[in-house]
Each structure stands twice: as C-alpha cells, then as structure tokens.
Amino acid sequence: MAETDIILSVQGLTTEFSGDRGDVRVLDDVSFDVGRGRIVGVVGESGSGKSMTALSLMGLVPQPQGRVSARSITLDGQEISRLGPSAMRRIRGRDIAMVFQEPMTSLNPVRRVWEQVGEPLAIHHGLGRRAIRARVLEMFELVGIPEPKTRLDAYPHQLSGGLRQRAMIAMGLICEPKLLIADEPTTALDVTTQSQILRLMRDLRDRVGTSIILITHDLGIIAEMCDEVNVMYAGQLVEQGEVFALFDQPAHPYTRGLLASIPRATEPRAGRRMPSIPGMVPNLAKLPPGCRFNPRCGEVMPVCLRRDPGLTAAGTGSGPGHTARCWLHSPNGGTA
Amino acid sequence: MTSPSAPLPADAIEALEEASFLRDTVRAFRKNRMAMVGLAFVLLLVLGAVFAPWISPHDPYRVALDEQLLPASTTYWLGTDNFGRDVLTRILYGARISLVVGIVPSLISLMIGTMMGILSGYLGGRTDFVVMRLADMMIAFPSLLLAMVVMYTLGANLLNIFIALALVGWASVARVVRSQTLALREKEFIEAARANGTARITVMLRHIFPNVVPTLIVLFTLAIPEAIMWESSLSFLGVGVQPPEASWGLLVAKGKEYMFQAPAVAIAPGVAILLTVLAFNFIGDGLRDALDPSMKD
Amino acid sequence: MLMFALRRILVSIPVLIGITLILFIMLNVVPGDPVALMMKEHASADVIERVRQQMHLDDPLLTRYLSFLWDALHGDLGKSIKLNRPVTDLILKAFPNTLMLAVSAALVSWIVGIPVGILSAVRRDSFLDRFFMGFSLLGVSMPIFWSALLLQYVFAMKLRLLPVSGFYGWQYMILPAIVLGWSSAGVIARLMRSSLLEVMRLDYIRTARAKGLRETGVITRHALKNALIPVVTIMAIQVAGLLSGAVITEAIFSIPGVGRITISAISSRDMPLLQGAVLFATVLVILGNLVADILYSVLDPRIRAQMRKEA
Amino acid sequence: ENMLRVSYSEDPKTADVQMTTDAYTLPLNIFDRLVESETTGPGQSALVPGLAESWEVSEDGLTYTFHLRAGVKFHDGADLTADDVVYTFDRMLNPATKALNTDILTFIAGAEERLDGAADSVSGLKALDDLTVQITLTKPYAAFLALLASPGASIYDRDFTEAAGDQFGLTPETTNGTGPFILRDYTLNDSQMLEANDDYWRGRAKLDRLLVRVVSDSETLRLLFETDELDVFDLDYAPTQTPYFYGSDQWKGQVRSGPRVGIYYYAINQLKEPFGDARVRKAFQMAIDRQTILDKNFYGKGKLEDGVMPRGLACYTPAEAIEYNPAKARELLAEAGYPDGVEINLQQVSSWSTKWSDMNQIIQAQVAEAGFKANIVTTDEAAFLAARKTGEAEAYTQVWSADFNDPDNFFYTFFSESGTKVRGYNNEDPEVFAAIEEGRGMTDPAARCKLYQDLTARIVGTDAAWVPLFSLDHSYVVQPRVKNFVVPWNGWSDMSYYKVEVE
Amino acid sequence: MTEDVVISTRDLTRHFRVGGGFLGGPARVVRAVDGVTLDIRARETFALVGESGCGKTTLGRVMLRLQEPTSGTVAYRGTDLTGLDEGAMNALRKKLQIVFQDPYASLNPRMRVGEILAEPLRSHGFGSSAEIRERSAELLEMVGLRRQYLRNYPHQFSGGQRQRIGIARALANGPDFVVCDESVSALDVSIQAQVLNLLADLQDQLKLTYLFITHDLAVVRQFADRVGVMFLGQLVEVGRTEELFAAPLHPYTMLLMEAVPRPDPHQRGRDRPILTGEIPSPMNLPPGCRFHTRCPFARDICRVEDPALQERGGRTVACHFPLNG
Ligand SMILES: Nc1ncnc2c1ncn2[C@@H]1O[C@H](COP(=O)(O)OP(=O)(O)OP(=O)(O)O)[C@@H](O)[C@H]1O
Ligand SMILES: Nc1ncnc2c1ncn2[C@@H]1O[C@H](COP(=O)(O)OP(=O)(O)OP(=O)(O)O)[C@@H](O)[C@H]1O
Ligand SMILES: [Mg+2]
Ligand SMILES: [Mg+2]
Ligand code: NI
C-alpha cells in the first residue's frame, strides 16, 4: 500500500482513565493504518476498547478522567495528535465523522431530524437553512430513506430504528469526511435491517469512496464488510491483517477461539456442544502479568505468563501486514 | 432431583472482586468532603441534642427578667433572650424538638408514602387510581394551609405538627416511589420472582422495597430540612411548637421581634437552621451520588 | 391540546370535591364556633344561637356540604361568615394580587435559577459553581420571614431603593417576589445543574460533539431543552409551594392576597370563605400543572405526540 | 399633601359598627353618636353633646329625650332626622341584622321582645318629631348615656342603610354617615382611605385625608414608620420597640403616651380544681411578681392595679395592694391541702399576640416558686371561645379596656351572672350577682361608687376571684409633622382623628 | 394429545390496549400474539425466531401465564393453565420457569446470590433453611460456579456469570419446561458458547424442555431441535431445524436466513435477496397476508386473504405460495 493511500495512521495510541481505584489503561499502544477507500474492521468482545479507540481518535474521550496520548496520529498526512481542542473541533464532523451504536439515543429527541443531520454543514461551512435543507434532502435520498421529503421534519421518535441509523449515516457523510468511524452501527437493529444498513455502507464506500473504520463484535459483519481487520483484546490489538488472511489463517489463539465459537447459521449442527473459550474477559484493572490472554489460552507457555509478546508478523504463510501478539509467532517462539 | 453426575465444565473464574454494595457506597460517600462535613455536623448536633441537659450551661426554662437580652459573654456565649434565658441553651434544647420534628414526620410520611407508592405502582388499576387521586389532593392542597388547618383543628402541639407535616409530605414521596415501582415492575428480576410463584406481598417487600430504599434515604435527608423549615413557618404563624418549649423555628420567629434590639437572639437559631439544612442537603447530595452509580453497574 | 387540557381539568374534579369534603369535615368535627368567634366577647349565648340557626349552621353536615357543592356548581361560593361579603367577590379581588406575587416569584426563580444552574453546570466544581450553589442553598434554608426582614432592612431601610411593604405598583412587588422566589430559585438552580450534567452524559451530546459543535452550542442547542424537562416538573410542583409561601409573604409585606384571607378564614372557622379560597388555590395548582404539561409538550415532541394520542 | 397615614394590625372588615366588636376606627371617624365622650386630659373624659344638642332625663331615670342638632347632613346629602336615630337602634335590635353590639341597647323597653322576634318594633324608641327622639328604659341604668357615646351607638341614615342591606359599611358605596370623614376607598387587608367631610357640622377636619393601612408584621411596621411611610407608630403593635423609641434621640421627643382605662388580668375558672378554693386563688394572686413583669416585659410603662377598676375609670379609688409573697402563697397552698404544690393549667390562644404567651411563660416561672406547677395549654381562638362557654377553659390572661366610662362595663362583663358564664366561670358569688344588678339601676353616684368599691374588696380581696395585674400606658410615636395627636381617654388604638393635623 | 407434549397452545392471543381511556379517544390494540397454535414436545428445544416486536417475548410470557392471554388456551401436560386459580398456578410454577435476556436486570441488585436462589425454594416450601442453603450451593455448582459465591451480590459478577445465576434460579425447584428469552443474546461470543453448552448439558441431565427465544438464527441452527418463525404475532413457519434451514418454506424464513452475515469472507460476494421495507406496525396490520408488504413474491391473493397454517410434509407453513414446494 502506497504511503499516500493511507488516510489515517495511528501510532501508539494509549488511553488511560483515572478512577476511584487508581488509573486504568483502557487502550495500550494501539497502532494501525486505514487506507483510502478501505473498510477497516475493529472486532473484539465487550470492553476490549473498540469504542475507546474511536473516541480517542475523535478527541471525545470523557474529560477530565480520560487521558489520551499517541506517538502520532496523522489524518491524510496531517498530524492531529497534538492539536488543541478547537483545532480538533474543526476536524470533527468535517474530516472524521462518526456513527454511533444506538440510533435511538444518539439523536436528540427534541430536535427535528433535518436540523440535526444538517448541523455539521452549519458548523463547518456556515450554510444557511435552505441550503442545508436541500443538502439534507439529497443525503436522505442517498442513504435510501423512503419518502425523504416527509421525513425531514420528523422527530427521531417518529422514525424506526433503521431509518434513524440511516439518518445518522447521512449526518456522518454530509460533510464528505475523509474517514467515517462506525461504532457498532447495526448492533441495535434486527438482522434484516442490519443487512440493509451494511449494504448501504458498502455501496456508499464504493460510490463516495469514504474510508470506514467499522467497529463490531460480530465476526460475520467483519467477514461481509471489511478489507482489513484489527482484533482487540483487553485494550490491545492482538491480531491484524487482511480479512481473508485473518479468517483463513487466524494466528492468535484468541482469534481462533472466537472463530470457533461463533455459531454458524450455514452449517448443520455439529454436535450438542460448541467449542468455546474458557474463562472470562479480564478486568482491565487487574490484568494478568505477561500475555493478557494467558489465563484463557489453550496453548499457554511459560513465557506467556511472564512477558507480553509484541505485535509481530504472524508466522509463515501469512500475507504481509498480518501480525499477531503472541509468543507462538514471535521470532524466537516460546524459548525466549 | 439429582445433582449432576458428571461435573459441568468448570470455568476458570477468577476470585471475585472484594466489594459489596454497602462498602462501595460508604467509600464513595466518604470521598465526598462536603457530605462528610455535613454528616459530622449532624452527628454533633444529635449528640448536642441528646445530651442537652448535661452539656448545656443553663436551664432552658429559667426566667430571669433581670438578665434580658444580654449580649454574648463568657457566661452566656450567645447572649440571652427576652426572658434572660441563655440562647445557646435554648438552641441546644431547640435542636431536640427541631430534629424530632424534622425526623419523625419525615419518617411517617416516608413510611406512608412508600407504602402507598409501592401499592399504587405495583398493583396498578383501581388502587393506583385512588391512591394517586388522594396524592393529587394532598399535592394540590396548598400545603401550609393544610398544615394550618390540622393545627387549628387538632390544636397546636408536637404530635399534631407530626400529623400535619406527614399529611403534607407523604404524597410527593408516594409519587416518586410509584414511578420507581413502575420502572422496577418491568425489571426482569420482578418477573422472575413472579415466575417462581412468589406472593405479591413478598415481591413488594423483598424486591421492590429494597430497591427504592436508596431513593428513600435521599428523600429522607431532604425531607428533614424541609420539615424543619415548615415547622418554623408554622411557628411564625403561631401554630407551631408552643412556648416555653423551644424549637428553632419558634426561636427564630420569636427572635424576630428583637431583631433590632438584640439580633443574636434571632440570628443564632437561624444560623442553626441554616447549617442543619445545609448539612442535610450535603448529606443528601453525597448519598445520591454514592448510591447512584452502584445501582447502574 | 384543547382536548387534553379539558381532560386534565375533568380528571381534577374528583380531586376538588375530595379536597373540599376533607376540609369540610375537618373543620366541622373540631371544637370552635364561627359565630361565637365572630361575635367575640360581647354577644350573649342567645344571640349566637339565633345567628347559628339563621346561617344553617345547625343543619346536618352532609346537607350543608351538598348545598355548598350545589351552590358552587352555580358559581355561588356563598358569603363569608366573618367578612359578610360574597366569597367569590373576595377571592376575585384578592386573587390577582396573589397570582401576581406567585407569578413574579416564579419569574424570579426561573430568571435566576435557570441561568445560575446552567452556569454552575458548565463551570462545574469551580469557585463560581460553589458560590452559586451555596447561595441557592442559602435560599432554600432561610425561613421566608427572615429573608424578608433582611431584604426589607437592606433595600428599603438602608438603601431606600424599594418600598418596605404594601402593594401599590410594580416596585412593591420586587422584594416579595425575591423573598418568595429565592428558595425556589435555589431548588431550580440545583435541579437545573444536576439535570444538565445528567443530560451532558447522554449519547446525543456525544453526537453533537462529534459534529464539531462548540461547547456552548452543545449546551444551548442540544442539552438545554432536554435538561429543562425535569425542571419544568418541579416548577409545576412549586406552584403549590409558592402559594404556601405566599401566605407568609403576604402577611409580612401587607399584600392583600388570598393567603391572608385564608389564614383568617381558618382561624375563624369561616367555612364558605375557606372552601372558596382553597378551591381557588387548588385550581391554581391544577392549572400550574396543566401549564407545565403544555410546556413539556413544547419542549419534548414525544410528549406532544403522547398528548395528541391521549386527547 | 395634608394626609395622615396610620396603621392597624388587622383589617376592620366593616365600617358598620353594629357588625363588629373590635374595630372602631372607621365608625369613630365616619359616624357620629348622639353623645360623644371627649378626652379631656390623660385618662380623663367627659360626655359632650354630639348629634343630640341636648337631652333630658326623667325623674325616674327611665325616659330620655334627645333634641337633635338641626341641619346635620349625611355624606350623601340627606338630612339627619329623629327617624334615622330610631331606625339605627331598631336595626341593631332587629334579629335579621344579626348585630353584635346589642348589649348596649338591651335596657330599652321592648328591646328584648324585638331581639326575640316577638315584636316588629321597639316600644321604647320614639321619634316625637323630626328632631326629637324619646327613649324609654325598662329600668333605670346609670351608664346609659355613656353607652350611647360608645362607638356601637353610631347613627345611620334610614333610607341609605336600608338600601345597602347587609352590605352596609363594607364599601365606600355602601357607607354613609354624618362624621368628619367620608370613606373613599376600601381594599380589604390593605387599606382604607378617608376624605374630610367638607360639610361636617362641627367644621371640616384639619386633615384632607386619612389613610389607614393594615400592617400585621411588627418589624415591617417599624420599617414603614422609619422610612416615613407612616405618620403614627402604635407601640401596642410592636411593644418590643419601646426601648428603642424611648431611647432614640431622634424619636424620644415624638413619643405620645397616655394612660389606658384598661386592665390586664388573670381570669380564673372556678370550676377547675384547684381553683375552686379561694385560698388557692389567693396564693396565685400573691405568687405573681407583677412589678417585675411590668418593669421588664412592659418596660415599666404602666401602673400596678389591685382592683377591678383600672385608674381613669369613673369611681376608681386605689384598692388594697396585693402583696407579692411566694412564701405566703406556699403556705396558703399548704392550707388548702397542697403542701407539695399543685398542678394548674394556663390557657393561651395561638393567634393572639405573643405578649400573652410571654406573660404566661413568665408567670409560669414565677408561680413555680410558690408551688404551682403551671402547664401552658395552647388552642386556637375558636376552640378557646367554645371551651370558655362550656366552662372548660383554663385560667387565662387578657386585657379589658373601657368601652364607656362606667364601672358597670367591667363589673357586669366579668362578674354578673350572665357575664361570668361568658368569661369562663370566674365568679360564683350570688351576692355579687345581685349587687351588680342593683348597681346598674342606682342613680345616686356616690352610693353607686361605694358599691363598686366594696365589690372590688369582696371580689379581689376576699374571694380572690380575679387577679388584677396592671394597667399600661398606651404609647405612640408620631412623625414630627403630626400635630394635636392626643391619646384617647380610654387608651384605645381606635380613635377619632378629627382634631389631628399634619404640617 | 400424547403424553409427549409438554406445552400446547391453542389459538393463543394476547392483545394490548394502548392509549385511550377516559376522554382519551379510541384505544388502539397491539396484537402482540395473534392466534398461535403450537405443541412443544418433551425434552426438545423449540426455538422461536423473528424480528424485534413480533411477539416472541409475549408468547413466552403468556405460556407461563406471566401475562394473561386475551383468548385461547395454554396447557401444560394436559392441564389447562388458563383456567387455574392463583394458588394452583403458583403451585405449578415450579415446573414452568424462565431465564431472561438481561443478565443485569434479571437479578435483584439488593439481594445476595444465596437469597436469590433461596427465594423460589422458600416460595415452594422446600425445607429448613439449612436444606435450602445446601440446595442453593448445589445449584450454583450445577451451573459451574463456586458455592462460596452465595454470599456475593450480583454486581460482583460478570455478565456470563450472572446469566448462570439466572439459570440456577430457574432450576431451583426442578422445572420441566424452561423459557429462555434471549438468554444468550447479551453475551459476548466466547461466553455465549459457554452458556449454550451449559444449557445443553443441563437439558440432558435434567430432562428439560426449552422454549428458546432468540433473534439469532445462527444460534438457533446450532442449538434447537425445532424452530418456529414468528411474524407480527403469528407463527408463519414451524419445522425441524435442519429441514427448515435446508429448505425454508416461507419467504420470510428464507429472507431472514439470508440476512444473517456469514463469518466467512469468501461468501461475501454472493448474490442474495434482501428484505426491504420496514416491519409494519402491529397496531395497524395490513389486510391479507401480513408479510405481503415486504414479500418479493407477493401476488394479488396475498393482499386479500390471510393464509392459514398448513401441514407440509411434517412441517407447517402459513403462505399461499410456499418456497421449495
Ligand atoms: N469513563 C470511563 N471511565 C473508566 N473506564 C472507562 C470509561 N469508559 C470506558 N471505560 C472502560 O474502557 C474499556 C473499554 O471500553 P469500550 O467502550 O472501548 O469497550 P468496547 O470494546 O467498545 O465494548 P462494547 O462492545 O461493550 O461497546 C472498558 O473496560 C470500560 O470499562
Ligand atoms: N405491556 C405492553 N403494552 C403494550 N404493548 C406491548 C406490551 N408488551 C409488548 N407490547 C407490544 O407487543 C409487541 C410484541 O412485543 P414482544 O416484546 O413480545 O416482542 P419480541 O418479539 O419479544 O421483541 P424483541 O425482540 O424486541 O424482544 C410489540 O409491538 C410491543 O410493543
Ligand atoms: Mg463500544
Ligand atoms: Mg423480546
Ligand atoms: Ni447480535
């Protein structure tokens, strides 16, 4: 991938929260790139830091408890990790936009939909109401809202979940951002609606060329949508790679466990019991020493209990850029 | 039923976090400095009230007309009132009545309100309609007037103050509790209890009630200062605690007559009210914050 | 909306009947004779008895209550025993004053309470926040008759800016309105603050920030309306509180309002007057709630839809 | 502007003096009476002709003939006639009026019949011609003229009053008198505005206007006065301000004070044990340190009273002094069978001025020394009055000021057979009952005064049925521009402002 | 019916009135469950799938009489539940249990685990408190938790653990029939598999019958024996899992299955029909077949006539033009 094709490059993103019981590091040295026009998936279980990654990029981590630091974050070549709040504000909504998980609660219940969808235009381009309305109407058509004219003046509660999520997407795209971050955009929706929304997002990428970071806990969605995948576990990236490589040759035991434990609608029932990952997601405040996955790992080695493996190339046979955070793949293996 | 023959998949569950609801609350509360100050003040006050006969420097009822309205001195730390009674002593004794007037009716209205609110919210239907109309009545009725009617009709004494304040207070408690009950009723653990054949009364007592307790605690801390204020209003109108008993409300209301001559007589008990109300407010705020997040996690 | 209002009013009829009935019974079972009271020291027992009969005071309780209801339905609240004037007249004369007092106090409490609450929330934990919250707690914890005297002393006696008491023009309303509004301003400020802080945690605020909106824009355009909703509820409840407070405020500032009529009606067992006054006060409270509901619907389209559905 | 601004703590509620027993300012200024009692000096009064230019009393003391002043006009322009006088008194006695002040007319022949509804008119009331009224009594009553000078005997206009019906006196439109002022504005619980009557028969008042405000809060009252919103500050409404005004350089020269023909007393219900025993009552009398109360609680502005009649009242002579002697009181109690003291109740009413509860608290503390364990019982006024009628009321302290300058006003009120029932059974001596009845009809002033002095000795001294405390001065503070402000002879707050001037 | 049937419903309906009342204008009716006839056989796992709001939860609750049916009957092993009085119903409840979706809301935050488990035992007079304590501990162990946890509060557990406690509570009195209402939907995939395995093991050991309510077709395929597909209050298709997945009869079933994203990037390009449009409001049902507004195969008759549920080779379907037929 050529350097210029990289729209977002994140290096060493670390986010900490100070709380009642000391500091918790919810993101630990997260680095990844997003190519132009690509859909990059972030997958992981609840609490693994997916949303926090998005919020850290947007500069929306709750203050003052949260602290974000990064070696570098470049957006289309521009370094944004050291921007002040007002400079960051000018980027938000214009260069990076975000679609949130809950279309019910992410829209203001007391304001009309078109005002909310068109607000980024007012903020960043100072457009007048008529112009905004016209543009919102266009966007409504683009995201496939039926009878867009009549929906302009609706309040959020008058729309179904699917329509609300479409409106959210319209809002995200209205300033033609370089990057759209979609945080579990379909989790709250029915499967049928979900497939509509996913298809819409892919179509939009194809037509408009927006780069998308797609956050989800559903490997099915990743498989359907993404070009590249980042797997997160307990605040760290544990595996990253092209989607095919990752699904065909998962390198990290966690990824493998995940893939094994997803029930599949397409395959007949194998047996009464399903493969599962034992144990539970760790508490970030009480991480085990060494590899964070070691208590649940079936292939744990002595070194895993002592030292954290870095992200390294994921063994032989995997494509370029396929990395995993596991001693199994580290150059000197478990012997170190 | 047999216990499982083969052990089920053991899961490697880590040691649980050592925490309990109560401990969390206490910890969160203790972090709130204002709330702790409030608590300390109230504790001090309660001690002062309980031990008033032992610690107060003078007799609260002794009339010594020779020592009227003396300024503060080493004998009379806050001076004397129009009968030559030590203001500090009167305030300490007044704390007994004011605290009781603050606490007892609040408790009564909390009890009635909780009962009514839970019944109304959980049973719904006609019970709900009747209880809520009753509550509407109490709320729509200008409360000071209601209190005055009670005081006038039953006579001005401490017991009737309780009745009056409780009559005024239960309705808003009932409303809050009812809305909480309505929310709780939809919770799955209530459904689970019903699915287990748990009797309605048990559901209300063991499931609904404990879950409204945090709200009740907060309401309680806010109801106390309100009741103290109410009592002072009633005293001002001449239907509150009757002299020579001392309540802060009465002391302030009476002291007002001497505001120009000996301001301390009115200001000192006023400050006592102020500090107490502040203290309870701080405690209430602290409790609300302390109780709230643990409800969510 | 009209239907909704109508419905609300109809629903409150049993409340009104209940209140008057409770009052009626309470004031009748207790000792005390309005006539004896009215005639004070000089009247002989015979005279009192005669008057009692003329006033139908010796009829059975229920008969009297029903005839009260019947007359009330016809717009006739009877004649005050003590004041000898038609109750409707008395109240219609006094009511505007009380209303004026309550409304101006409410205005004070909103005009002060809401901005103070907002500022405190925005500058959370700052000195300003502490100061404002302290000030509003002061309002909440000062007896009305105390703050009244304080303000009278400072503004009327020392600074000579405002009149001490009476009710002969708008300047006269300022001090009573502040006195009465202060405590509810405190309540509103505190509620506004916590409500705004609560709203600021919600998802759609994050959405608004994600658009690049400034913090002021986030608050004014997104948070405020939502945060006002619980405040409006409290405002409605406070109407009742304002009326109660008005009793004392009127007495201190010599305002010829319903509160003073009511007090004397209670102590003189003047049933017709008391019934009338309480009836009016209750109606006011009910209207206050109605206004709050309407405000609600202005603020929140979901409630608007709900109301349309209900009506 | 030539306006006097005064204040009262309560609304008068009506100008119709037949319908009120406690608010006389409006009647005193709006109406006139046949006879007026004029203040001649501090605590002194004289009966002077009012609407009646002259009058004659028959030998037997039963028939009074009044000659009305010619040319007196009501505010609406109507002429005063004898018929108006007859009408006024008949209205009071007409049961349909539900008048409250009927006591002052019950001596008139036929009054009782009229009151009972047995007659349509009062036989003892006659208009002999346009300007002559004849009133016949059933039996001689020495104080009848004084009664006619009391506010309750104010004269109304027949046509106007009949038309106004029961709304008479409630609004400017329904009020009409002959007096020096005309009611122009009446806002309930706020104020009444009176304007000088240009055609007043005694000549126009010096004031153009009189503003009477209702101010119930005593601190507000003081602030109003000090910010020059009021011209007269009545210390009765704010007794705690006494030291301030007496001590203030600015104000002490502006204090106007006069004695009050009124007495503070304790009424003791003899039906309630232990007060059935005269020794206990005597002990109670002696256990109260009245001088200290007077000095400390009332700033010494008054005098101790030892009888039924306060100083200033006709026939007053100092009675035998009541000694303050707790030790002796204790002995008396022991004699009465309470060597370890006895529990008693003192009653007070929640809506009364706090001065009563103050007094009770002081007295509670004082009598404790003599062995009385006094409980203070508080009720509201309605309950108190009801209890007093049925004899359930406890001992209570109050003040009585003269309605008219005659001992009967005190003796009959408290110690007559009918009076004691109303007052809460504070006397049960049949001989006293008889003597009071007799005194009412006595025509020899000296003998009559002797009777009352003897009665005093019996009631207060022997029987200890009454605990006289003291009579207080009535003090006002007036703004420097107020002239001719005279405290009325009886010390009332209600007074005529006819002669007052402002600069 | 045979002994084999645990629960059988006949024409079961449950309607909700919304709005209306005094002067409130006409009330509107939500037909949450609208004529469901169904037999659930002993020891099977019967899955109920369908989109949000189609009435799955309501059906489950009405079966347990946690909500009263508007009409129709529910029978448990031949006993008509709808006719039972409160007492008799409560006595039967030990046999009929439910496990909820939300592991957070389904446990009373103010009760210790021990109390939560003891309550159903106490309600049915299980025995002395020592026995109850022992039984509670056993239950905890049965769902794979340590008995020491009896003294802990729910908020101290993770979602998966809480769900286990919820299951233990349902098992307390030895139930026969358990409704699992979205019992694994809120869990992470790795935990979801653990809980599903637990449910499967318990079913085998305790001879349970499950009504398994979910919107996740993948879970259904791996877990259920038979499936009922619900649409707007009605069952549109019922069949054995394998048969139904292999060859759906109802277009809705087919479209629903197609909509599930497949965790295999190689399949992503596949051409698949997608369900368009929004689900109609249950307050305002279209005439004819309820699905016709979204059905790609709808014809005229579908707009007029409501198809009845019909047998088709051991399966039932409510469609005028079944697929694969
Ligand atoms: N305000 C906060 N204070 C402290 N910790 C927080 C805060 N917000 C989030 N966290 C913690 O940060 C971690 C990552 O949270 P995040 O929301 O990114 O998870 P996620 O992967 O998006 O999970 P989900 O799938 O549930 O949305 C979690 O452990 C969470 O508890
Ligand atoms: N108590 C109620 N009052 C009114 N309507 C209700 C009530 N409970 C459910 N409904 C309505 O009945 C319909 C079916 O609801 P139900 O909860 O059974 O659906 P569901 O299939 O379980 O949906 P989900 O997947 O969202 O849980 C919905 O339209 C719902 O709004
Ligand atoms: Mg998230
Ligand atoms: Mg459901
Ligand atoms: Ni899902």
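Below, chains carry the letters A, B, ... as their sequence lines are ordered, and counting in each starts from 1.
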Between A:Arg296, A:Arg199, A:Gln194, the one whose heavy-atom pairs under 4.5 Å with chain E are most numerous:
A:Arg199

Where do A:Pro263 and E:Val219 come nearest, in terms of heavy atoms and distance?
CG-CG2, 3.7 Å

Report yes if the side chains of E:Asp201 and A:Arg273 come closer than 4.5 Å at any heavy-atom pair, otherwise no.
yes

Hey, are the side chains of E:Asn197 and A:Ser276 touching, using non-hydrogen atoms and a 4.5 Å cut-off?
yes

Return the CZ to CZ distance between E:Arg268 and A:Phe244, rounded to the nearest 0.5 Å.
5.0 Å

Can you find a heavy atom in the side chain of E:Gln222 that is under 4.5 Å from one in the side chain of A:Met274?
yes

So how far is it from A:Thr192 OG1 to E:Leu255 CG, rounded to the nearest 0.5 Å?
9.0 Å

What's the spacing between E:Arg221 CZ and A:Thr266 OG1 if we round to 0.5 Å?
7.0 Å

As an exercise: rank E:Glu258, E:Arg262, E:Gln267, E:Gln192 by heavy-atom pairs under 4.5 Å with chain A and give me the winner.
E:Arg262

Least distance between heavy atoms, A:Val191 atom then E:Ala259 atom
O-CB, 3.7 Å

For E:Ala246, which atoms come within 4.5 Å of any heavy atom of chain A: side chain, backbone, both, or neither?
neither

Output the distance between atom OG1 (A:Thr193) and atom CD (E:Glu51), rounded to the nearest 0.5 Å.
5.5 Å

Go through the atoms of A:Pro146 and report whether side chain, backbone, both or neither lie under 4.5 Å from a heavy atom of chain E.
neither

Can you tell which part of E:Leu196 gets under 4.5 Å to a heavy atom of chain A, answering side chain, backbone, both or neither?
side chain

Regarding E:Ser190 and A:Glu45, do their side chains bring together a donor and an acceptor under 3.5 Å, going by distance alone?
yes

Bottom line for A:Leu258: the part with an atom under 4.5 Å from chain E's heavy atoms is side chain

Nearest non-hydrogen partners of E:Ala193 and A:Pro275, listed with the distance
CB-O, 3.5 Å

From E:Asp264 CG over to A:Arg264 CZ, what is the distance, rounded to the nearest 0.5 angstrom?
7.0 Å

